[in-house]
> 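Just passing along the structure, written as structure tokens.
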Amino acid sequence: MTPLVLYDTYTRTLREFQPLNPPEVGMYTCGPTVYDYAHIGNLRTYIFEDILKRVLLYNGFSVKHVMNITDVGHLTSDADTGEDKMEAGARRAGKTAWEIAEYYTEEFRKDLKRLNILEPTIWCRATDHIQEQIDFIRCIEEMGYTYRTSDGIYFDTSKLPSYGYLGRLDIEGLQAGARIDMGEKRHPTDFALWKFSPKDQKRQMEWDSPWGVGFPGWHIECSAMSAKYLGPFFDIHCGGEDHITVHHTNEIAQTEACYGTRLANFWLHGYFLQLDEGVKMSKSSGKFLRVESLIEEGYDPLAYRMFCLNAIYRQKLNFTWDGLDGAAKSLDRLRNAFYEWGAPGEPDPAYLQKFLEVINDDLNMPRAMALTWDLVRSDLPNEVKKATLLDFDRVLGLDLANWQPPEEVIPDEILRLVELRQQARAEKRWQDADTLRNQIAAAGYEVMDTPQGPKVKRRRGS
RNA sequence: GGCGACGUGGCCAAGUGGUAAGGCAAGGGUCUGCAAAACCCUGAUCACGGGUUCAAAUCCCGUCGUCGCCUCCA
């Protein structure tokens, strides 16, 4: 038995993972705010969560995976003021907020599919759970943690002694360094549970509530929906590292106020992807790389997944085109090798055991990849290698089993030149053969002589 | 201003007390009429300066640099 050890941000320690209700694992992953496309930095986190889920499955657990779609409630500026991102995105595109949400949700799902990320068991949209959120706020209110201002209902963080534990927040320090507009908030860390619609304008997304017409604050959906689908205390909650100090801290506060639990037994966070220029990749900056951008540059989206597998999730990762290129090439080699091995036999137990050890060591995928290359270069029979790597791929998620060498349509013109070259070679007219090779190359194709005869393929990058 | 992280060969990146995984690129080689593919081989003492230790990339202090969070953000 090899225990699964994961790094829990809440305790800041490596802990052995055991499901609360075996064999099922309840897992909640913070999903996208659908006012724009997802960028590859966002996607790194979803890849990390996918690896986590696959490792759980590999360990024999079943996973109930819930992902939210935030389609309301995120404000664009400081201190819970400003325009809602959804409404702003809608105005930009000349569509309704609802249409925007629908469109970007579909685009997001398309990206997940392209990266071979397993779909959640349950998708849940914030706007489909307004009543649950109202009920949750009422619960917090009844427990005495709220107060009202002219623009909304707020959570009084000073009433919760444990507030900020996840982020190890230095509350005093925050107050000293506070530079944000407090508005009517009583404490810098207080946050909105329900926001009233502006009196002078009609919002596209607004609902009635016991406190007045408005919309939910941007943390309450996760507490409300996770409780609905996974209960008030479940196994694992994940998200990006940026969520530690604010979003997840506030989620925990809400759930603690209402249920007295810290929401999840394990808190896992994926770290940021950074551009080599050191430029932060963020949606709000409006400029970023998406999966589509990679495809436009000629890369298979799974090359990006491969790139991410080369690093541990708990460390920043520097994105460079050279790095992606390397990943793409190594993926190509792996695919070809896997393909050439033919039919699978029985996997090698020693490699399987070693694999389990490295992935159960807090998802150490770089080591898993090193082991993979070790397997590829080993002198095990091909059918054993094939079966073993096939098993690894349950976690790696490179979809090796479904890959085939691309079938290329070679123009007759090129095929004729290849035929002429074969004749020249048969007659040992090497000069002519080389001339023909050059002609074919000039047309953008490459000839490879193999024991099975010449193979032609389009040259990469032309 | 407060809090925190990181700095490993050309690039990406593991390793966190016993003398540096892996991938890509590069160079050399085998094979090949040539070429490609494949395979084999080669390279870093771990930002810098001190300190602790029998022993440090790995612990401590300082310096420089990069980055993150504190404000929507994966």
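Remember, predicted model here, so these are calculated numbers, not experimental data. Chain identifiers are assigned alphabetically (A, B, ...) following the order of the sequence lines, protein sequences preceding nucleic acid strands; residue numbering begins at 1 within each chain.
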> Where the side chain of A/Leu317 is concerned, which of B/A13, B/U66, B/C70 is the nearest nucleotide?
B/A13
> Which value, in whole Å, describes the distance between the P atoms of nucleotides B/A57 and B/C48?
11 Å
> Using atom CG of A/Leu309 as one end and atom C1' of B/C24 as the other, report the distance to the nearest whole Å.
15 Å
> What is the distance, rounded to the nearest whole Å, between atom CZ of A/Phe272 and atom C1' of B/C69?
9 Å
> Can you work out whether A/Gly323 or A/Gly167 has the more 5'-proximal nearest nucleotide on RNA chain B?
A/Gly167
> For the residue pair A/Tyr37 and A/Tyr104, categorise the inter-ring angle as parallel (less than 30°), tilted (30 to 60°) or perpendicular (more than 60°).
perpendicular
> Measure CG/A/Asn310 against P/B/G23 and give the value in whole Å, please.
10 Å
> Once you round it to whole Å, what is the distance between P of B/A25 and NZ of A/Lys329?
5 Å
> Whole angstrom is fine here: how far is it from CE in A/Met306 over to P in B/A13?
15 Å
> Is it the case that the side chains of A/His65 and A/Thr121 hold a donor-acceptor pair, with the cut-off being a distance below 3.5 Å and no angle test?
no
> Please figure out whether A/Arg168 or A/Phe307 has its closest RNA chain B nucleotide nearer the 5' end.
A/Arg168
> Base, sugar-phosphate or nothing for A/Arg421? Non-hydrogen atoms, less than 4.0 Å.
base
> Please report, rounded to the nearest Å, how far the P atom of B/C3 is from the CZ atom of A/Arg12.
15 Å
> B/G23 phosphate, OP1 or OP2: any side-chain N/O from A/Arg377 under 4.0 angstrom?
yes
> Answer yes or no: side-chain N or O of A/Arg437 and base N or O of B/A35 forming a donor-acceptor pair under 3.5 Å.
yes
> Scan A/His243 against the nucleic acid and name what it touches under 4.0 Å (heavy atoms): base, sugar-phosphate only, or nothing.
sugar-phosphate
> Where the side chain of A/Gln274 is concerned, which of B/A14, B/A74, B/G68 is the nearest nucleotide?
B/G68
> Hey, does A/Met448 have a side-chain heavy atom less than 4.5 Å from the side chain of A/Lys457?
yes
> In whole angstroms, how far is the C1' atom of B/A25 from the CG atom of A/Asp325?
9 Å
> Measure the distance from CG on A/Leu273 to P on B/G68 and round it to the nearest whole Å.
12 Å
> Under 3.5 Å, is there an N or O donor on one side and an acceptor on the other linking the side chain of A/Asp434 and the base of B/G33?
yes
> Taking only side-chain N and O atoms of A/Asn364, does any of them lie within less than 4.0 angstrom of OP1 or OP2 on B/G15?
yes
> For A/His219 and A/His247, take the angle between the two ring planes, folded into 0 to 90°, and tell me which bin it lands in: parallel under 30, tilted 30 to 60, perpendicular over 60.
tilted
> Have a look at A/Gly270 and say if it touches a base, only the backbone sugar-phosphate, or nothing, with a 4.0 Å heavy-atom cut-off.
nothing
> Given the C1' atoms of B/C41 and B/G7, what is the spacing between them in whole Å?
31 Å
> In whole Å, what separates the P atom of B/C11 from that of B/A25?
15 Å
> Between B/C73, B/A14, B/U66, which nucleotide has the shortest distance from any of its atoms to the side chain of A/Arg367?
B/A14
> Of the options B/C34, B/A14, B/C72, whose atoms approach the side-chain atoms of A/Asp449 most closely?
B/C34
> Do A/Arg425 and B/G33 share a donor-acceptor pair, side chain to base, under 3.5 Å?
yes
> Checking all strands, does A/Trp430 fall into the base, sugar-phosphate, or nothing category for heavy-atom contacts under 4.0 angstrom?
base
> Where the side chain of A/Ser330 is concerned, which of B/C24, B/C11, B/A14 is the nearest nucleotide?
B/C24
> Could you tell me how the ring of A/His248 sits relative to the ring of A/His269: parallel (under 30°), tilted (30 to 60°) or perpendicular (over 60°)?
tilted
> B/G22 base to A/Arg333 side chain: any donor-acceptor pair below 3.5 Å?
no
> Reckon A/Ile312 touches a base, only the sugar-phosphate, or nothing at all at heavy-atom distances under 4.0 Å?
sugar-phosphate
> Between B/C59 and B/C6, how far is it from one P atom to the other, in whole Å?
9 Å
> What do you reckon, is CD of A/Glu427 surrounded by more than 12 foreign heavy atoms closer than 6.0 Å?
yes
> According to the interplanar angle, ranging from 0 to 90°, do the rings of A/Phe108 and A/Tyr46 count as parallel (below 30°), tilted (30 to 60°) or perpendicular (above 60°)?
perpendicular
